[in-house]
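Presented below is the structure to which this report refers.
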Amino acid sequence: MQDNQIQQLLDEAAASLGIVGAQCAIADGSGVREFATGMRNSELRLPVTPQTVFQIGSTTKVFNAALVMAMVDERLLDLDTPVINYIPSFRLASLEAQQTITLRHLLSMTAGIDNGTYHDYGRGDDALGRYVEALAGVTHLFGAGSAYGYSNASTNVAGHAASLIGKDAWEKLLAKYVLQPLGLQNSALFAEDLLHHPVAMGYQREDKTAPAERVPGWALPRSMGPAGGSLCLSAGDLARFGKMFVDGGRSRSTGTQVLSGASVMAMQTPEVVLRSRLMADEWCVGPYRKEWDGVKLFGHSGTNVGGSSTLLWCPERDFAIATVVNVANQGYPLAQAMFAAVLPALFGITPPALPDLKTQATAVADPMRYVGRYEALGITLRVEDRDGVLVIVEDNDVARIYDMAPVIESELVPLGEDRFLPKNPIFSGNRIWDIAFWDADKTGRPTHCLNGLFAYRRT
């Protein structure tokens, strides 16, 4: 596949999805190929260039894990030491969890900590610490190491531990240990940093044909920095970061050994198998791992208020690929479109086909087994039986904060093994993920639900 073909593919995919601006970058043994399309600021008619920075959201979690592992390399941190040793004031509703949770649990999403709040604790250096303090009253979802549950809060706790032991703000440590050694020129963490870069403004549309409107506000608060609140990058720099893992922890740009080979191996070793399967098969210390066409890939994706990103890297085929957009809820569909065409053509990997909803039966053998109320902080899921068809209804206080639809519902299409696919793609924010139920009470009804990646307890 030639550069002009990739550019045309990006142009067409972005236009078809109603995306205002986007980038795609591919890093392999020959270097980094960068592609840009659309507008970073539609009001001023400013085009996206390869240097434009976008909000990358939760893909930041892999950067946070890399920061922790760089400090592990310096023997400042240890993955298996209880985190309370690094954060003496650490408090959770579960005393056992408070005493036993480690950085490995936190970074592999097996700590059992609820996804957490989205509260803003200001722009001061104490914002992250104040966020972690507020977790003291949050209900614990499951025992540490016993299950998987994606958690912004877990990532923020790990970042706060690094900040305390490194004796500096999390952002400064990330720059010192990761961004600068990698030579990432198109990156920014604070609004003041953004002044030095062309910035992709965030947009939203009611549908693909409606005019694009600027999103209210800018991004998630500083208190959520490690989880994905603030980091902005170009797709090229995101791909360079991913290629660092392929190259054994070394930066191609600077020649610096950013992470040891042991740390790279730790970040690419599965810690837990997911019960939901469409987003990933397993989770490691930071990234997920999945297998496409018999080839193992690692990565992460994420969404912030005004942007979305996806990063994949593949040691077996020596490449990393990244996409970024400034219409947040279309980031995953764009990544799917690019990967479906680019990966087979360049690297001989065909992504798996998604389940065909038109051919899937909707009737459930025992719908009452799943019916009930499942909760996490600020979010309630109700599973209802409507004439033998399961319907899931989400009521989301976080959506209210960011002026999004707080109540969304969808039919659930059974996939087998206590897994279901929401028929309405909006339910997963166009992520196309499945929902899995697990564990059972004395009556055989599941006690937990995994909504894509996020864990809920039956209440």
Side-chain angles (χ1 to χ4, degrees), residues 1 6 9-10 13 22-35 54 56-66 109 150 182 184 228 231 233-249 252 259 264-265 267-270 274 277-303 307-325 330-354 430-433 452-453:
M1 179 175 276
I6 298 174
L9 176 66
L10 180 63
Q23 295 171 338
C24 178
I26 304 161
D28 57 21
S30 62
V32 182
R33 302 156 74 182
E34 300 178 71
F35 307 90
F54 289 71
I56 68 166
S58 286
T59 308
T60 302
K61 291 179 172 67
V62 187
F63 285 80
N64 182 62
M109 303 298 176
Y150 190 87
L182 277 169
L184 302 185
L231 183 58
L233 288 172
S234 67
D237 273 5
L238 192 53
R240 291 178 181 93
F241 172 70
K243 189 63 165 60
M244 178 263 291
F245 295 100
V246 176
D247 294 334
R252 277 182 73 96
L259 294 178
V264 171
M265 182 178 295
M267 290 185 67
Q268 295 181 159
T269 299
L274 272 64
R277 302 306 295 259
L278 293 184
M279 282 289 290
D281 298 321
E282 300 156 315
W283 216 272
C284 309
V285 177
Y288 57 59
R289 187 173 87 162
K290 54 188 172 185
E291 188 171 307
W292 283 355
D293 215 6
V295 179
K296 292 180 175 61
L297 298 103
F298 302 86
H300 208 292
S301 48
T303 300
S308 180
S309 69
T310 300
L311 169 66
L312 288 179
W313 70 85
C314 180
E316 292 179 51
R317 300 292 165 87
D318 188 30
F319 76 88
I321 184 169
T323 58
V324 292
V325 307
Q330 295 301 325
Y332 290 75
L334 180 93
Q336 290 164 3
M338 296 303 296
F339 297 164
V342 171
L343 297 190
L346 294 184
F347 306 110
I349 302 171
T350 300
L354 295 171
N430 291 317
R431 294 173 176 90
I432 316 298
W433 64 30
L453 303 177

- List the steps, then state whether side chain to side chain contact (heavy atoms under 4.5 Å, CB included) holds for Ser309 with Phe54. CA-CA 8 Å; Ser309 69; Phe54 289 71; over 6 Å; no
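- Looking at heavy atoms from C-beta onward, Val62 lies in side-chain contact with Phe245 at the 4.5 angstrom threshold.
- For the pair Val32 and Asp237, the minimum side-chain heavy-atom distance is 4.5 Å or more.
- Using a 4.5 Å heavy-atom threshold, the side chains of Leu312 and Tyr288 count as touching.
- Evaluation of the salt bridge (charged side-chain N to carboxylate O under 4.0 Å, His left out) rule for Glu291 yields Lys296 as partners, not counting sequence neighbours.
- Across every non-hydrogen atom of Trp292 and Ile349, the tightest pair is O-CG2, 3.7 Å.
- For Gly302 against Thr59, the heavy-atom pair with the smallest separation is N-OG1, 3.4 Å.
- Scanning both residues, Lys290 and Asp281, for their nearest heavy atoms gives CA-OD2, 3.3 Å.
- Atom CG of Leu278 and atom CG of Leu354 lie 7.0 Å apart (nearest 0.5 Å).
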- Task: Let me see the working for Leu346 and Ile6 under side chain to side chain contact (heavy atoms under 4.5 Å, CB included), right down to the final yes or no.
- Result: CA-CA 11 Å; Leu346 294 184; Ile6 298 174; 4.3 Å; yes
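- Judged by distance alone, with hydrogens and angles left aside, the side-chain atoms of Arg252 form a donor-acceptor pair with the main-chain N or O of Gly29 at under 3.5 Å.
- Counting only heavy atoms from C-beta outward, the side chains of Phe339 and Ile321 approach each other to under 4.5 Å.
- Paired with Arg317 under the rule side-chain contact (heavy atoms from CB on, under 4.5 Å), one option of Asp28, Leu343, Val295 passes, and it is Val295.
- Here the side chains of Thr323 and Cys24 are in contact, with some heavy-atom distance below 4.5 Å.
- In this structure, Phe347 and Phe319 have parallel ring planes: the angle between them is below the 30° cut-off, well short of the 60° mark.
- Trp433 contributes atom CH2, which lies 5.5 Å from atom CG of Leu453 (distance to the nearest 0.5 angstrom).
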- Please assess Leu182 against Arg240 for the test side chain to side chain contact (heavy atoms under 4.5 Å, CB included), listing each intermediate value before the final yes or no. CA-CA 8 Å; Leu182 277 169; Arg240 291 178 181 93; over 6 Å; no
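- Counting only distance, with no hydrogens or angles, the side chain of Asp293 and the backbone of Thr350 share a donor-acceptor pair below 3.5 Å.
- Atom CD of Gln23 and atom CD of Glu34 lie 7.5 Å apart (nearest 0.5 Å).
- Ring orientation note: the planes of Tyr150 and His300 are tilted relative to one another, at an angle of 30° to 60°.
- Considering every non-hydrogen atom in both Pro287 and Trp313, the closest pair reads CB-CH2, 3.6 Å.
- Closest approach of Pro351 and Ala340 over heavy atoms only: CG-CA, 4.0 Å.
- The salt bridge (charged side-chain N to carboxylate O under 4.0 Å, His left out) search around Asp247 returns Lys243, not counting sequence neighbours.
- How far CZ of Arg431 is from OG of Ser308: 7.5 Å, rounded to the nearest 0.5 Å.
- Here the shortest heavy-atom pairing between Thr310 and Gly331 reads OG1-O, 4.5 Å.
- Using a 30° and 60° split on the angle between ring planes, Phe63 and Phe241 fall in the parallel class, below 30°.
- The distance from the CG atom of Leu259 to the CE atom of Met265 is 13.0 Å, given to the nearest 0.5 Å.
- Considering CG of Leu238 and CG of Leu233, their distance stands at 6.0 Å, rounded to 0.5 Å.
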